[in-house]
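Residue numbers start from 1 in every chain, and the chains themselves are labelled A, B, ... in the order their sequence lines are given, proteins ahead of strands. Excluded from the calculations below are hydrogen atoms, water molecules and symmetry mates; all remaining heavy atoms, backbone and side chain alike, are included. Just so we're clear, the structure is a prediction, and the values are computed from it rather than from any experiment.
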Protein chains: 2
Amino acid sequence: MQNAVMTRSRTAPRLDESLLNNVPPFSKLDSRQIREILDLASSRRYDEGVAVFEEGHDADRFYMLLDGYIRVVRITPGGEQVIALHIPSGQLFGIARALGRTTYPATAITAAESIALSWPTRLWDQFTAHYDGFATETYKTVGTRVGEMNTRIMEMATQQVEQRIANALLRLINQTGRKVATGIEIDFPITRQDLSEMTGTTLHTVSRTLSAWEKQGLVASGRKRITVSDPHQLVLLANAAR
Amino acid sequence: MQNAVMTRSRTAPRLDESLLNNVPPFSKLDSRQIREILDLASSRRYDEGVAVFEEGHDADRFYMLLDGYIRVVRITPGGEQVIALHIPSGQLFGIARALGRTTYPATAITAAESIALSWPTRLWDQFTAHYDGFATETYKTVGTRVGEMNTRIMEMATQQVEQRIANALLRLINQTGRKVATGIEIDFPITRQDLSEMTGTTLHTVSRTLSAWEKQGLVASGRKRITVSDPHQLVLLANAAR
DNA sequence: GGCCCACCTTGCGCTGGCGCAACAAGAATG
DNA sequence: CATTCTTGTTGCGCCAGCGCAAGGTGGGCC
């Protein structure tokens, strides 16, 4: 599964400081500090569908997604996948240390071709101690993700499948949407199967639901591609009382 | 809802140091440090069914549960409750700061009569900076809870109602079980409704399921009381392939 | 002791969504 | 450009679990 094409920064030209300038965990730092951090980083490109790290393995590195998208997944004993989160570029991931863990709690798979920086986990304490705002911002990230998980639990406990799919789509276009002529498109390849793994249903039901919405002009979709043309209507659907 | 009976430590005798001696976030501290921490704490007793703090309110204090049980709940716009977690004694809660938040993300309700210490949130940074192990241990707590939430998402996405109820029961007896003659009893009052709010189903289905298990001798239950007599069998049920 | 209220049980009919199955339509590969 | 693979669509039958409704039971309170 792992792809052979990769580049370590040690052999490549120095990374540009602008990469981290506007990224929350590093935004309070001055140019010298960012230089230090970049010099310690490895940079690497990942093909689509490749695992960056896997659930249960030693958390020996933590990551910062520069470009692309990451899907955080868990596999049941029975082999079914569940998608826990999507991570857009500009965010840290694989930060087991922030949760007091020594192994990764889930698997990270690229949803599109991606580029990520990474550092050895032993630098984590150094980062939190020396770099102003790093700790605070990472805990905010954790907090946001916890909030998202919480919301999903509520949705799964109380909502109908149709509402859950609507909510999942809305979350995706909020986090990773790209404006196009006909609406907002999800900016990485996503299958019905993926959506079903995000909402705890089957690809059949997702397919049927999207077909129905397409007929109503709410969405336009094709192979691995979904465009929401009427977000407002989708919000109404998502909040519809049972 | 809030109960009138309460005691602030400031007016009561000094709290005993043994209270925090074996509690993970404080276990590495010496007697002098524990004294300092206790002198800053307020202690208070809560009746069963009382809200300690509420979702969305300013996170002005953080808490340590000395005795009793806490239910962490969220309410949907439609008014339905979902139980996110149970917190047993000896754990911190209301630690919005550890998630970079300024408001509580959920409501904490006592599941039984409880006693908790609390400190103003402005002391949080002081605690994490000065007290060895405090930060590490609290992030472990966060990590554990994130793991639990994650597991619940997986269960809700992939398992049948019966398995989810079995898993919820097993989690409860692991965290808060008390050995009795006929098995392991959940150590605080719990209704079918509560279980349904933990598993995303209805009290009817929970009632039917428990009745069936009772006939098979797996559990014994009464009003607000559940005893698991055959945990092993329950584990088999929880893991049963669809 | 008797009333009331909160909690629990159970029967019955209905339906949302699943599982199966067969097929369609691009994309990728040689 | 033929073949194969992956992804998406749709019809159909079925059933787990829900909603409704009616009734039971134990505890707390006047």
Is there a donor N/O on one and an acceptor N/O on the other, under 3.5 Å, for the side chain of H204(B) and the base of dT9(C)? no
OP1 or OP2 of dT10(D) sitting under 4.0 Å from any side-chain N/O of S207(A)? no
For Q193(A) and dC18(C), give me the distance from atom CD to atom C1', rounded to whole Å. 14 Å
Round to a whole Å and report the spacing from CG of L210(B) to P of dC7(C). 16 Å
Counting N and O atoms only, with roles assigned by atom type, does the side chain of N174(B) sit under 3.5 Å from a partner on the main chain of R171(B), one being a donor and the other an acceptor? no
Would you mind reading off the distance between K224(B) atom NZ and dC5(C) atom P, rounded to a whole angstrom? 16 Å
Side chain of T191(B) - closest among dG8(D), dT10(C), dC7(C): dC7(C)
Atom-pair distance (CD on E197(A); C1' on dG8(D)), nearest Å: 15 Å
Heavy atoms only, 4.0 Å cut-off, all strands: where does S211(A) land among base, sugar-phosphate and nothing? sugar-phosphate
Hey, is the main chain of H204(B) close enough, under 3.5 Å, to the side chain of S207(B) for a donor-acceptor pair? no
Per R208(B) side chain, nearest of listed nucleotides dT9(D), dC12(C), dG8(D): dC12(C)
Base dT9(C) to side chain R192(B), donor-acceptor N/O within 3.5 Å cut-off: no
Q160(B) atom CD is separated from dG17(C) atom P, nearest whole Å, by 15 Å
Taking the basic N atoms (NZ, or NE/NH1/NH2) and the acidic carboxylate oxygens, is any pair closer than 4.0 Å for R164(B) and E155(B)? no
Contact class for T201(B) vs. all strands (heavy atom < 4.0 Å): base, sugar-phosphate, or nothing? sugar-phosphate
Starting at atom CD1 of I165(B), determine the distance to atom C1' of dC18(D), rounded to an integer number of angstrom. 13 Å
Q175(B) and Q91(B): side chain donor to acceptor below 3.5 Å: no
Assert: residue with more 5' nearest nucleotide on DNA chain C, out of V206(A) and L203(B), is L203(B)
Between E214(A) and V161(B), which residue's closest nucleotide on DNA chain D lies nearer the 5′ terminus? E214(A)
Given atom CH2 of W213(A) and atom C1' of dG8(D), what is their separation to the nearest angstrom? 16 Å
Closest non-hydrogen atom pair, F62(A) against G94(A): CB-O, 3.6 Å
Return no unless some side-chain N or O of T205(B) is found under 4.0 Å from OP1 or OP2 of dG17(D). no
Nearest whole angstrom, please: distance from the P of dG24(D) to the CZ of R223(B). 16 Å
